[in-house]
Amino acid sequence: DNTENKDIDGYGKNASGDEDDPFKYDPATDLAKLAGKGYVLDGKVPEIPRQFTASAKEVIINLKHGVVPVTPQTPPTDIPKKPDGSIDVDPKNLTKEVGLTVKYVNSDGTKFNVDAPKNHNQQVTFTGTAYVDKITGELVNAKQVDGTWVVDDSKTDKPQEPQVIWKADGKNSFDEVISPVENDYHLTKISSHRKGNNVEAITGLTQDSGSIIVTVTYTKNGKIIPVDKGGNQITGADQQPVFPTDPNDPSRVDSGKIPDLSDKGYHPSDKAVKPDGTVGPDSEDPSKDIKVKYVKSGTISVKYHDN
């Protein structure tokens, strides 16, 4: 046994005889039994003497431990057992999933007034392969020799379960997640893995990366509130438009159109109102409401009358 560097008791043949007497031994039977136990021939079977000679001869037939690769599909009954009857690896533990969940929330904890974006999910599955010694039932380093798995004696470290060979079923990364534009809301925070307004592509995942949860926070845009010259809300002016979100940038809030209150006798007197009838949001905090001053419309007519 070259793997454990010891002789295998109970096999082979010891005999004595006179010089030139025939010696009969066919190793095929013992090799078949040892193969059934999990041994693999290490090299070639040396030539067996057919006659005794005047001196003693010893023939060494070298073997090493065969190995069973264990994957999630391997039946437990095919896994070599340790002397105490236990197994070192369970196929159920050779599949690991790493997930990405991107959640979209409103900063004040309430529901979105519009349809909230659904959580975005991605998943990478890793599959492990463990190599179990057919003789000892222990995890080992392994290699293929002429298509047969055997213990790799060149590696002296004793592998444990974390050293199982893991491979991703496909790519080992998450794609970039584009943040949607939400009407009446603007993006204010991404909890991690932020790249601009989006969740960046995440590369270099392993089976131990652990699942990732990213929270994307939106905040409601401010409103345009019509007020009179005293700063009081105008009675009956129910129109309070919400500042629109930039359709090409979820974090930017555009100028909003002020309401037309001419039917109530008011017109805007606020210097912040642009010629096109719009007013900009608060530059520091677009969630703030903006008050726009209106004044009552009146007429004065001066006439000359011939009494």
Side-chain angles (χ1 to χ4, degrees), residues 1-96 126-167 169 207:
D1 182 340
N2 286 344
T3 301
E4 296 189 80
N5 193 27
K6 67 179 184 180
D7 290 339
I8 305 172
D9 295 332
Y11 298 90
K13 183 175 182 178
N14 290 312
S16 299
D18 294 335
E19 186 177 4
D20 297 330
D21 281 353
F23 175 72
K24 295 181 179 181
Y25 173 69
D26 183 356
T29 300
D30 281 341
L31 285 172
K33 291 178 181 179
L34 289 164
K37 290 182 175 294
Y39 285 97
V40 177
L41 194 62
D42 192 7
K44 295 181 179 180
V45 177
E47 184 179 351
I48 306 297
R50 296 183 178 182
Q51 294 177 316
F52 289 96
T53 62
S55 59
K57 285 190 174 182
E58 183 179 65
V59 178
I60 304 296
I61 300 177
N62 292 287
L63 300 106
K64 64 192 326 179
H65 295 189
V67 169
V68 173
V70 179
T71 69
Q73 291 74 40
T74 302
T77 52
D78 291 352
I79 302 174
K81 294 181 179 179
K82 298 170 73 172
D84 62 4
S86 64
I87 57 175
D88 251 2
V89 63
D90 189 332
K92 293 185 296 185
N93 297 329
L94 292 177
T95 301
K96 292 188 177 183
F126 290 89
T127 300
T129 301
Y131 299 92
V132 181
D133 188 317
K134 289 183 177 181
I135 307 302
T136 65
E138 295 183 346
L139 284 173
V140 292
N141 292 300
K143 63 181 179 181
Q144 275 191 308
V145 178
D146 297 329
T148 300
W149 284 101
V150 296
V151 173
D152 187 354
D153 298 325
S154 66
K155 295 183 178 181
T156 57
D157 55 315
K158 182 180 178 181
Q160 301 297 326
E161 189 170 353
Q163 294 173 296
V164 171
I165 306 302
W166 293 92
K167 290 185 179 180
D169 295 351
Q207 71 281 357

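All figures in this text were calculated on a predicted structure; none of them were measured in a lab.
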Taking all non-hydrogen atoms of both residues into account, name the closest pair between [X] and [Y] and its distance.
| X | Y | answer |
| --- | --- | --- |
| Ala142 | Val67 | CB-CG1, 3.8 Å |
| Asp88 | Lys82 | OD1-NZ, 3.3 Å |
| Pro49 | Lys57 | CG-CD, 4.2 Å |
| Ala130 | Val164 | N-CG1, 3.8 Å |
| Pro72 | Gly128 | CD-O, 3.6 Å |
| Asn62 | Leu41 | O-CD1, 3.6 Å |

Taking atom [atom1] of [X] and atom [atom2] of [Y], what is their separation to the nearest 0.5 Å?
| X | Y | atom1 | atom2 | answer |
| --- | --- | --- | --- | --- |
| Lys81 | Ile87 | NZ | CD1 | 8.0 Å |
| Leu94 | Gln73 | CG | CD | 9.5 Å |
| Ile135 | Glu4 | CD1 | CD | 8.0 Å |
| Asn93 | Lys96 | CG | NZ | 8.0 Å |
| Lys37 | Ile8 | NZ | CD1 | 10.0 Å |
| Asp7 | Ile60 | CG | CD1 | 6.0 Å |

Does the side chain of [X] reach to within under 4.5 Å of the side chain of [Y], using non-hydrogen atoms?
| X | Y | answer |
| --- | --- | --- |
| Asp133 | Val151 | yes |
| Val68 | Asp78 | no |
| Val132 | Val89 | yes |
| Asp90 | Ile79 | no |
| Ile61 | Pro46 | yes |
| Thr129 | Lys167 | no |
| Ile48 | Asp26 | no |
| Phe52 | Asp20 | no |

Next on the checklist: With no hydrogens and no angle check, just 3.5 Å: does a side-chain donor-acceptor pair link Asp30 and Tyr25?
Outcome noted: yes
Next on the checklist: Testing the 3.5 Å rule here: is there a donor-acceptor pair between the side chains of Thr148 and Asp146?
Outcome noted: no
Checklist entry - Does a salt bridge link Lys64 with Asp1, judged by any charged N lying under 4.0 Å from a carboxylate O? => result no
Checklist entry - Does CG in Asn14 sit with more than 12 non-hydrogen atoms of other residues, nucleotides or ligands closer than 6.0 Å? => result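 No, not enclosed.
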Item to check | From CA spacing to verdict: side-chain contact (heavy atoms from CB on, under 4.5 Å), Lys33, Tyr39 | outcome: CA-CA 9 Å; Lys33 291 178 181 179; Tyr39 285 97; over 6 Å; no
Checklist entry - Given Gln51 and Phe23, is the side-chain contact (heavy atoms from CB on, under 4.5 Å) satisfied, shown in steps? => result CA-CA 5 Å; Gln51 294 177 316; Phe23 175 72; 6.0 Å; no
Item to check | Check against side-chain contact (heavy atoms from CB on, under 4.5 Å), Val150 and His65 | outcome: CA-CA 6 Å; Val150 296; His65 295 189; over 6 Å; no
Item to check | Cation-pi geometry met for Lys143 and Tyr131 (6.0 Å, 45°) | outcome: no
